[in-house]
There are 2 protein chains.
Amino acid sequence: MDAAGRFARYLASHRLKMTRSRRAILEEILSIRGHFTADDLLDHFRRRGREVAPATLYRTLARLVEAGLVHRIDMAKGQARYEPMFGRHHHDHMICLRCGKIIEFENREIERIQAAVCRRKKFRLLEHTHQLRGHCAGCSRTGAAARSAFASGGIDVRSPGRNPS
Amino acid sequence: MDAAGRFARYLASHRLKMTRSRRAILEEILSIRGHFTADDLLDHFRRRGREVAPATLYRTLARLVEAGLVHRIDMAKGQARYEPMFGRHHHDHMICLRCGKIIEFENREIERIQAAVCRRKKFRLLEHTHQLRGHCAGCSRTGAAARSAFASGGIDVRSPGRNPS
DNA sequence: GAAAAATTGATAATCATTCTCAATTGCGAG
DNA sequence: CTCGCAATTGAGAATGATTATCAATTTTTC
C-alpha cells in the first residue's frame, strides 16, 4: 500500500480525519528526497502561498511518526530532523559536526547484539537512537570550513585572550 | 591522578581559575553515585544554603564535560542528564520510558563494529550516542505504574471521545 | 443539511539552557 | 603584600523549538 493509503488507514483507525492540510503535508514530504526539519516544511508552504500553521505541522508530524511513516531524529540541540520512512527499513545516522550532513548506515550485526543485550537485562526495547557524530570525509579533509550552517553555539565560553573587557 | 587534580590541570592548561564554586560543584558531583540533572545539583546547593547560580553551574558542567570528567546524556526531551566519569570507561544507556531509570551497558563488540563502519565511510568519529529506550524489567512486569516521574507530555493529541468542546 | 466530532490557526506559554554585563574574585608580577 | 588584569560570578533577560489554548472552521455522520 502506498504512503497516502497507509496514512488514511492510520487516521481511520484512530477516528481522525484526512484533511486538506494533512494531505498537503504528506505530499510535500513525499517529494523530499532526504532529511528535513519542521522549519524546512514551513518555509516550503510559506513560499508556495499555501501556508500551514506551525501547530498544525507539528501535530501532523507527530501523527506521521506515530503511524510509522516518518522518523524523527532528535538532535542533541536545536531542531529535530525528520525523514520519510515509506518502504524503507530501519537505519541509524552519522552526523557531521561541521557541515551538518547526515549519513545513513545500517548494520544488522549491531542490531542483533543490541537485542541480545536487552534480552540479557530483561529490557523490553521499544525504540533506539544510535548517532555517530564527527567529521565526514569531505570536512575532515579540509582544515576548517563550512562551519556556517551548523555552528555549535555552546555556552558563554570565550577563549581567553580575546576578552573584550 | 584524582578528579580534583585532573580538573585543576585542565583549568590551568586553559588559563582558567579554580574558584570556590567550581570546587564545590566538583565535590558535590564526586559524592553522587549515579546520574543527575543540573536541577538536582541546583537543589542540593539551595538546600545547603551555599547557593550557586544556574549560569555558573551550567558553565562549570560544560567545562567538566570538556575535561572528560563528566558525561552528558542528551535526552530526547526535557533536561539533560549527567554522570561522573572519574576512572570509568565508556558505556551506553537503556532508558526506561515508564520509571525513567537509566541502566548502563557496555559492549566492545558493538564499539568495534561501529568503528569499522566509520572507517568504511571515512567518517572521523568524535562522539556517539547509543540509547535504548523501552521498559525495564520491573516496569514491563507491572501493567501501568510509576508513570509520574517521567510523563511523556506529547503534543496536543487528545484521544477522541473526551473532547471538551 | 444539521448536528457532532475533529481540526485549524493565532497567540500565548513552556522551560531548559544561554546570554549580558556590571560587580567581584583569583592570581602572577613586582 | 598589593596591583592590576583577566577570568568569574550572579541576576535577570533572552532564546527558540515546540506545545497548549480555545474560538472559529471543516469533515463526517445521520
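Chain A is the first sequence line, chain B the second, and so forth, proteins listed ahead of strands; every chain is numbered from 1.
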* Asked: Taking B:R81 for the side chain and B:R72 for the main chain, is one N or O donor matched with an acceptor at less than 3.5 Å?
  -> no
* Under 3.5 Å donor-acceptor, A:R98 side chain and A:C139 backbone -> yes
Between [atom2] of [N] and [atom1] of [X], the distance in whole Å:
| X | N | atom1 | atom2 | value |
| --- | --- | --- | --- | --- |
| A:R50 | C:dT8 | CZ | P | 13 Å |
| A:L42 | D:dG16 | CG | P | 16 Å |
| B:L16 | D:dC5 | CG | C1' | 15 Å |
| A:F36 | D:dA17 | CZ | P | 16 Å |
| A:M75 | D:dT18 | CE | P | 11 Å |
| A:R63 | D:dT19 | CZ | P | 13 Å |
| B:L11 | D:dT8 | CG | C1' | 12 Å |
| A:L57 | C:dA10 | CG | P | 14 Å |

* Asked: When the ring planes of B:H71 and B:H93 are compared, do they come out parallel, tilted or perpendicular, using 30° and 60° as the limits?
  -> parallel
* **Of A:A53 and B:A80, the one whose closest DNA chain C nucleotide lies more 5'** => A:A53
Is [X] near enough to [N] that one of its side-chain N or O atoms lies under 4.0 angstrom from OP1 or OP2?
| X | N | value |
| --- | --- | --- |
| B:K77 | C:dC15 | no |
| A:R59 | C:dT7 | no |
| B:Y58 | C:dT17 | yes |

* Asked: If we ignore angles and hydrogens, is there a donor and acceptor under 3.5 Å between the side chains of B:H130 and A:D92?
  -> no
* Decide whether B:R133 and A:T129 meet the rule of one side-chain donor and one side-chain acceptor closer than 3.5 Å. => yes
* With the threshold set at 4.0 Å, does a side-chain nitrogen-carboxylate oxygen contact exist between B:R108 and B:E111? -> no
* All salt bridge (Lys or Arg N to Asp or Glu O under 4.0 Å) counterparts of A:R88, not counting sequence neighbours -> A:E104
Can you tabulate the close N/O pairs, meaning under 3.5 Å, that link protein atoms to atoms of nucleotides 25-29 of chain D?
residue	atom	partner	partner atom	Å
D:dT27	O2	A:K17	NZ	3.0

* To do: Measure from the side-chain heavy atoms of B:R22 and tell me the nearest of C:dT8, D:dT8, C:dG9.
  => D:dT8
